[in-house]
Amino acid sequence: MNRDDFFTYQAQTTPHPLGLEISHANGSYIYDTKGKAHLDFVAGVSACGLGHSHPRVINAIKEQVDKYMHVMVYGEYVQQPAVEFTKLLASHLPKNLETTYLVNSGTEAMEGALKLARRYTGRSEIISAKNAYHGNTMGSLSLMGFEERKSVFRPLIPDVRFISFNMEADLQRITTKTAAVVLETIQGGAGFILPENGYLEKVRKRCDEVGALLILDEIQPGFGRTGKLFAFEHFNCIPDILVIGKGMASGLPVGAFVASKEMMATLQNSPKLGHITTFGGNPVIAAASLATLQEITESQLIAETLEKEKLFRKLLVHPLIDEIRGKGLMLALLMKNKEIADHLILTAAKEGLILFWLLFEPKAVRISPPLTLSVKEIEQGCDQIIAILNRYKAATVN
């Protein structure tokens, strides 16, 4: 592999990508082309919940590839992997979340959810939270309360209003004009911020009062990452529309939005084809999703996630770490300043430990490893983090 070709022929998202040249990945490790092992504390930004090359997922993919791959656009043919996955998913969700529309990514799932909310309610106003992140397509971008990231792409979709996450007083802005309130169950890009003081319950109550729908974005915290299959289970709040992705297929491109059968049926008529996708429900990806969900729900991984969180919090105590935010294995180290966060991430990258940034909180260091990460691997990675911070502290003192 040629780094020059990477920079020449592949579009970049930042001026300075990390540029690690990948050979293969297995379990909790990613290996570069020089044979060096890198302990993965990021899991493809929460996408590889079962680690890399999980045997159950690999076998499911291979078996399906040998049968058939793409045969028809979404929603026309009965394809066993998609049917089995959506049926199993429904068995683990509240009764009102019974019907799943499979798509290709989290941001497409959010687009579908927005369309469904407007179609079902006949209203247009969408309310989102400041510092939210729901994806980068035009509808999802319109929900982002971070003007610097979206101003150059205006005009965006109209009739979007913003409230502050965890601010109860703002809930009065949700009115009979509101089609839907869209929230991340745990705010991701803003710094892994949890709802407080029954906030989501209060949002749910207000939505019910005015006839608005509640859309919860579980693209990042979903599929066991927080110690429940979905994070909303921690907060006594059931959404009308659930948006999922990332960890759903162990690293393959996928997303979905889930609602009641009655609600989802409105996309079938007036007009027909209310949302369409060529590759949504792809049988290979659905097979990976099914194997992933089976493994997560049949194993002890979800329960172990909360124990692993305790271990991270016990080991990552340092004067340069102000706090650890998040839940389960969706954690963010809040450093004293941006410079320390950058130093930790970049130094760890050189020393074989993969950490990463968050979108809107420059002082944060992401820790979102595979759920399969072992206690020994946690201890190893945390020792590296503490050692890097100790050297940094010593250098600044001297």
Side-chain angles (χ1 to χ4, degrees), residues 46 92-97 110 113 117 121 123 125-134 143-145 160-244 257-260 263 302-303 305-307 309-310 313 322-332 334 358 360-361 364 368:
S46 304
H92 289 284
L93 288 171
K95 290 183 179 180
N96 68 304
L97 298 172
M110 182 54 67
T121 63
R123 303 175 184 179
E125 182 181 79
I126 304 292
I127 290 181
S128 183
K130 295 173 183 175
N131 294 326
Y133 180 76
H134 299 287
L143 305 179
M144 184 190 294
V160 177
R161 309 283 183 267
F162 290 91
I163 58 176
S164 294
F165 196 79
N166 277 329
M167 187 172 289
E168 187 176 345
D170 279 4
L171 300 186
Q172 294 308 308
R173 298 182 188 179
I174 305 168
T175 70
T176 53
K177 295 180 181 179
T178 306
V181 178
V182 185
L183 297 172
E184 298 160 272
T185 309
I186 298 173
Q187 279 204 309
F192 290 6
I193 298 171
L194 273 65
E196 300 171 350
N197 302 316
Y199 176 69
L200 289 182
E201 291 181 62
K202 293 167 184 174
V203 176
R204 173 74 273 174
K205 183 171 182 281
R206 181 59 180 168
C207 287
D208 290 340
E209 288 171 353
V210 300
L213 301 181
L214 175 58
I215 301 173
L216 286 184
D217 179 342
E218 291 257 1
I219 294 168
Q220 188 162 185
F223 293 95
R225 183 152 294 280
T226 68
K228 297 283 189 182
L229 186 58
F230 294 101
F232 70 79
E233 297 174 59
H234 291 290
F235 304 110
N236 193 32
C237 175
I238 298 173
D240 298 294
I241 304 174
L242 177 67
V243 179
I244 54 179
F257 54 107
V258 189
S260 69
M263 193 181 301
I302 294 178
T305 292
L306 295 176
E307 295 304 310
E309 175 192 356
K310 291 177 185 176
R313 290 185 181 275
D322 276 344
E323 64 174 309
I324 301 177
R325 292 183 188 161
K327 198 166 187 66
L329 291 178
M330 181 179 174
L331 300 173
L334 269 292
L358 296 185
F360 307 139
E361 176 48 83
S368 58

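We count residues from 1, following the sequence as given.
A donor-acceptor pair is defined here as one N or O able to donate and one able to accept, closer than 3.5 Å; such a pair exists between the side chain of E218 and the backbone of A231. Between the side chain of N236 and the backbone N or O of L200 there is no donor-acceptor pair closer than 3.5 Å. Judged purely by atom type and a 3.5 angstrom limit, D240 uses its side chain to pair as donor or acceptor with the backbone of L214. Looking at R313, its side chain does come within 3.5 Å of a backbone N or O of I324 through a donor-acceptor pair. Under a 3.5 Å cut-off, the side chain of R123 and the backbone N or O of T178 do form a donor-acceptor pair.
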Item to check | Derivation and outcome, side chain to side chain contact (heavy atoms under 4.5 Å, CB included), residues E361 and L334 | outcome: CA-CA 9 Å; E361 176 48 83; L334 269 292; 3.7 Å; yes

Item to check | Candidate pair M330 and Q220, rule side chain to side chain contact (heavy atoms under 4.5 Å, CB included), full reasoning | outcome: CA-CA 8 Å; M330 181 179 174; Q220 188 162 185; 4.0 Å; yes

Checklist entry - N166 and N197: side chain to side chain contact (heavy atoms under 4.5 Å, CB included), yes or no, with the steps? => result CA-CA 8 Å; N166 277 329; N197 302 316; over 6 Å; no

Checklist entry - Can K130 and F360 be said to form a side chain to side chain contact (heavy atoms under 4.5 Å, CB included), step by step? => result CA-CA 11 Å; K130 295 173 183 175; F360 307 139; over 6 Å; no

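C207 and L213 get closest at one heavy-atom pair: SG-O, 4.0 Å. Summarising the geometry of P239 relative to L97, their closest heavy-atom pair is O-CD2, 3.7 Å, with the distance given to 0.1 Å. Summarising the geometry of G224 relative to I302, their closest heavy-atom pair is CA-CG1, 3.9 Å, with the distance given to 0.1 Å. Heavy atoms only, all atoms of each residue included: D208 and R204 are closest at OD1-NH2, 2.8 Å. In plain terms, the two heavy atoms of G211 and T121 that are nearest each other are O-CG2, 4.5 Å. Between V243 and A113, the shortest heavy-atom distance links the atoms CG2-CB, 3.7 Å.
For the pair L171 and V203, the minimum side-chain heavy-atom distance is below 4.5 Å. Within the 4.5 Å cutoff, the side chain of F235 has no heavy atoms near those of the K228 side chain. Residues R225 and T305 are not in side-chain contact: their nearest non-hydrogen atoms beyond the backbone lie 4.5 Å or more apart. With a 4.5 Å cut-off on side-chain heavy atoms, F230 and L93 count as touching. Contact annotation: the side chain of Q187 approaches that of E184 to within less than 4.5 Å [non-hydrogen atoms, C-beta and beyond]. Residues T185 and H234 have side chains not in contact (no heavy-atom distance under 4.5 Å, counting atoms from C-beta outward).
In this structure K205 satisfies the side-chain contact (heavy atoms from CB on, under 4.5 Å) test together with E209, sequence neighbours excluded.
Applying the salt bridge (Lys or Arg N to Asp or Glu O under 4.0 Å) rule to pairs touching residues 165-178 yields E168-K202, D170-R173, sequence neighbours excluded.
Separating the OG atom in S128 from the OH atom in Y133 is a distance of 12.5 Å, to the nearest 0.5 Å. Rounding to the nearest 0.5 angstrom, the gap separating the CG atom in L194 from the CZ atom in R325 is 10.0 Å. Rounding to the nearest 0.5 Å places CD1 of I244 at 11.5 Å from CE of M110. Interatomic distance, CG of L329 versus OG of S46, reported as 9.5 Å (0.5 Å rounding).
The residue from D217, L143, L216, I127 that alone fulfils the side-chain contact (heavy atoms from CB on, under 4.5 Å) condition with L183 is L216.
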